Amino acid sequence: MENQDVIQDQTVNSTAEDQKQEEPQSEPVVATKQEPEQQPEPVSAESNDPEPEKTAEPVPEKKPEETTEPPPEPEKEQNAQAEGQVAKTEEPAPENAPKGEVDKILEKTVDHEQDKKVEAKIEKPEPHAQPEPNEVAGKSEAEVAKQKEAESKEQENQTGKQEEAESKEEENQDKQVSDDAQATEIAEGSLSFTFLEDEATMVLVRSSRTLFIVRGLPGSGKSKLASTINTTYQGLCTVICADNHGIKPEKSSTFAEGFKGMDAAIVECLTSEKEVVVVDDTNHTHSRVARLEELAEEHRYLAFFVEPRTPWNRNVEQLCRKTHRKLDKNQMQSMVNTMSETSLPFFFGWFLFSSYQDKLRSMASDFLKMLGNLDAFKKHIGDFSGDPEKEVDLEQYFSDKGALHCTTKFCDYGKEQGAKEYMEKQEVRESYGRASELELTALFITPRTAGAQVSLSEAQLQLWPEDSEKEDLPRGSRAHVTLGCAEGVEPVQTGLDLLEIIAQKKRGEEGEKIQELDLGALTYYGKGAWMLSLKEPIRAQSCFSSYYGPKKGDGGKESEKKKKLKCTVM
């Protein structure tokens with residue numbers, strides 16, 4: 001039945017065209033839509049025959065697929081194939097459709113066919129995308145499909161080659177990375193610092209004012225370390241990078257102006273009391289680290305000097321390969337030599353966090369006020385003034401000597417015996433940057449110094465040098481915090497004064513018991529030495545770090561003689 005409908009539809013189309021050519025139209029024709037360039041003539045669908053005869057129009061040899069749509073005419077099929085697809089025709093009119101409806105349907109069908117012919121003549125096929133009509137003519141659908149499949153594969157190959165080329169280009173761009181990106185090849189343990197791993201330490205750092213001074217040669221991984229610190233203390237941390245101030249280690253001409261701007265940015269952060277500030281630079285010269293230490297001390301920040309622990313951090317060849325900076329081996333070797341000269345600090349020690357420094361300073365101030373008002377002290381005022389009748393303001397007598405700390409090892413930048421060996425000890429490396437609670441058991445003063453005695457734990461004694469005390473005194477006896485020094489006296493004298501008091505006790509010279517105070521027992525040991533033994537120890541949180549300061553000249557024999565006079569045992 002479906003085939004019969006198809007044949008009937010074709011017959012209707014053919015008859016309508018014959019009548020159009022042979023007979024004049026006697027009835028009004030339904031108007032068809034107009035194209036801008038071509039207007040098809042109206043067609044009448046009138047036929048007096050109940051069932052039109054089959055025309056001589058040839059039928060395509062290939063049997064059409066079973067469908068409700070009629071097969072396209074040969075000319076129409078060629079145009080559709082030229083466009084790469086078979087044009088879809090309108091559905092045939094039903095057998096019992098009224099005459100008026102048949103006219104409209106046939107008009108649309110003829111109109112649609114002529115539209116396709118016009119489009120086929122106007123549109124030009126894309127190069128290498130669609131075959132010309134004369135190439136498609138006479139080919140079976142299988143051949144056309146095969147040709148399309150070949151073209152599709154060729155296009156896929158071209159797309160694949162383009163994607164591969166883009167991938168290689170991205171890979172080449174990834175290889176051109178900076179020091180920070182290259183430093184991600186971090187060996188295991190090279191970022192192992194307690195201030196990045198130990199939760200107790202990180203809590204104290206977050207609640208204090210801390211300055212991380214990152215040191216490292218180009219390509220050593222310093223920027224990666226700075227980035228890791230920033231991530232660990234996210235929200236509290238400010239990173240000041242030398243690159244942002246135009247400082248380039250390969251061009252010394254950039255130093256002066258660059259450091260001027262960089263230091264201004266650092267001071268701004270320290271003045272506004274940012275919790276954590278990171279300085280990302282090579283910091284390989286002594287003058288530079290001393291300047292940063294000075295800024296930290298001035299603004300009462302706890303300073304850490306940290307260097308990435310990558311295996312290649314002093315390897316000239318690997319550093320030259322890993323850095324993007326244009327440094328030859330001679331330039332890099334020069335920087336390595338300078339870095340090595342400044343590896344050892346002035347000393348190592350436990351540095352009190354800022355809030356505990358404030359607490360201890362306040363307690364020391366109260367102690368000096370109380371002591372200065374005692375009649376027992378006034379009886380021995382001549383120990384300090386040289387005149388028994390001259391009063392002394394102890395708070396003015398002692399001057400503050402910077403960040404409060406308990407020194408473990410005096411290194412003098414490597415000049416002191418055993419300094420290098422101390423720095424390389426596993427306990428020292430593992431403890432650097434670790435928080436530690438100091439137990440302060442007594443406050444004392446002499447005409448030279450004011451300090452607090454520290455009682456070390458077993459763990460803290462692992463960081464204490466074996467040669468710090470005399471042979472007849474317990475290890476750790478010299479541990480102290482310097483609270484102030486008299487004019488012209490160096491802080492190192494504080495430990496010597498403490499050792500003398502302890503030595504007197506050991507000899508059985510208990511001193512003169514003055515009185516019991518709220519804080520503890522006050523004793524006078526002669527020659528201006530006073531000690532307040534605390535009932536309850538003062539517990540102060542500190543962190544194991546290092547100190548760099550400006551180097552002093554040798555000064556000749558006269559200067560050395562003066563130094564010995566200032567630092568003597570009582």
Side-chain angles (χ1 to χ4, degrees), residues 193 211-217 220 222 249 255 259 263 279 281-298 301-309 313-314 332-351 401-429 431-433 463-468 478-482 485 489-496 543-564 566-567:
F193 291 92
L211 175 64
F212 288 96
I213 301 166
V214 179
R215 308 181 66 203
L217 300 176
S220 65
K222 61 179 177 56
F255 289 178
F259 285 139
D263 286 353
V279 177
D281 191 14
T282 58
N283 292 316
H284 63 288
T285 63
H286 181 84
S287 60
R288 192 63 198 145
V289 294
R291 172 58 179 158
L292 295 173
E293 181 75 76
E294 183 181 30
L295 292 176
E297 195 171 316
E298 180 182 344
Y301 268 69
L302 181 62
F304 290 101
F305 295 85
V306 291
E307 182 179 352
R309 293 172 175 172
N313 62 2
R314 301 291 174 88
M332 187 67 77
Q333 184 63 61
S334 177
M335 295 181 69
V336 169
N337 294 341
T338 306
M339 189 84 175
S340 299
E341 291 172 2
T342 60
S343 293
L344 284 162
F346 194 49
F347 62 83
F348 286 95
W350 292 287
F351 291 76
K401 290 296 182 179
L404 300 184
H405 64 276
C406 176
T407 302
T408 57
K409 177 63 178 177
F410 179 68
C411 300
D412 195 15
Y413 308 111
K415 295 179 182 179
E416 189 73 12
Q417 184 178 1
K420 184 177 180 181
E421 290 77 10
Y422 179 83
M423 185 185 72
E424 293 175 350
K425 289 179 64 175
Q426 183 177 355
E427 294 88 350
V428 173
R429 287 175 56 84
S431 298
Y432 194 87
L463 299 172
W464 194 256
E466 298 179 359
D467 59 349
S468 290
R478 190 174 176 172
H480 68 280
V481 174
T482 297
C485 294
V489 177
E490 298 293 332
V492 66
Q493 181 66 47
T494 312
L496 299 176
C543 208
F544 186 67
S545 186
S546 55
Y547 178 87
Y548 286 82
K551 287 184 177 180
K552 298 179 180 179
D554 294 335
K557 295 182 179 179
E558 186 64 23
S559 178
E560 188 66 24
K561 182 179 179 180
K562 288 182 180 179
K563 184 176 179 181
K564 289 182 179 179
K566 291 178 181 177
C567 303

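Keep in mind the model is a prediction, meaning the values are calculated, not measured.
- Legend: residues meeting ring pair (Phe, Tyr, Trp, His ring centres under 6.0 Å) with F305, ordered by chain and number and at least two apart, are Y548.
- The two residues A303 and A296 make their nearest non-hydrogen contact at CB-CB, 4.0 Å.
- For the ring pair (Phe, Tyr, Trp, His ring centres under 6.0 Å) test, residues two or more places apart in sequence or in another chain that qualify with H405 are F347, F351.
- No donor-acceptor pair closer than 3.5 Å links the side chain of H284 to the backbone N or O of T282.
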Please test S546 against Y432 for side chain to side chain contact (heavy atoms under 4.5 Å, CB included), starting from the C-alpha separation and ending with a verdict.
CA-CA 8 Å; S546 55; Y432 194 87; 2.8 Å; yes
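- Residue pairs satisfying the salt bridge (charged side-chain N to carboxylate O under 4.0 Å, His left out) criterion with at least one member in residues 285-296, sequence neighbours excluded, are listed as follows: D263-R288, D263-R291, R291-E294.
- Side-chain contact between K222 and E307: absent, with no pair of heavy atoms (C-beta onward) separated by less than 4.5 Å.
- The side-chain heavy atoms of L496 and R478, taken from C-beta on, include a pair separated by under 4.5 Å.
- With T494 contributing its side chain and V481 its backbone, the two residues share no donor-acceptor pair below 3.5 Å.
- A donor-acceptor pair under 3.5 Å is formed between the side chain of T342 and the backbone N or O of M339.
- Remark: E298 engages L295 in a side-chain contact (heavy atoms from CB on, under 4.5 Å) (not counting sequence neighbours).
- Residues that satisfy the salt bridge (Lys or Arg N to Asp or Glu O under 4.0 Å) test with E297, not counting sequence neighbours, are absent from this structure.
- Within the 4.5 Å cutoff, no side-chain heavy atoms of N313 are placed close to those of L217.
- Judged by distance alone, the side chains of N337 and Q333 do bring a donor and an acceptor atom under 3.5 Å apart.
- Judged by distance alone, the side chain of D412 and the main-chain N or O of F346 form no donor-acceptor pair under 3.5 Å.
- Taking each heavy atom of S431 and E427 in turn, the nearest pair found is OG-O, 2.7 Å.
- For Y422, the ring pair (Phe, Tyr, Trp, His ring centres under 6.0 Å) partners two or more places apart in sequence, or in a different chain, are F348.
- Counting heavy-atom neighbours within 6.0 Å of K420 NZ, excluding the residue itself, gives a total of 12 or less.
- No side-chain heavy atom of C411 sits less than 4.5 Å from a side-chain heavy atom of M423.
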For L211 and V279, run side chain to side chain contact (heavy atoms under 4.5 Å, CB included): C-alpha distance rounded to whole Å, both residues' side-chain angles, the deciding distance at 0.1 Å, then the answer.
CA-CA 8 Å; L211 175 64; V279 177; 3.9 Å; yes
Given H480 and C406, is the side chain to side chain contact (heavy atoms under 4.5 Å, CB included) satisfied, shown in steps?
CA-CA 5 Å; H480 68 280; C406 176; 5.9 Å; no
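- Looking at S468, its side chain never comes within 3.5 Å of a backbone N or O of W464 through a donor-acceptor pair.
- The shortest distance between side-chain heavy atoms of Y413 and H286 falls below 4.5 Å.
- One distance of note links CZ of R309 with OG of S220; it measures 13.5 Å at 0.5 Å rounding.
- Between the side chains of S343 and R215, no donor-acceptor pair of N or O atoms lies under 3.5 Å.
- Remark: side-chain polar atoms of N283 are not paired, donor with acceptor, to backbone N or O of I213 under 3.5 angstrom.
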Does F304 form a side chain to side chain contact (heavy atoms under 4.5 Å, CB included) with V214? I'd like the steps, not just the answer.
CA-CA 8 Å; F304 290 101; V214 179; over 6 Å; no
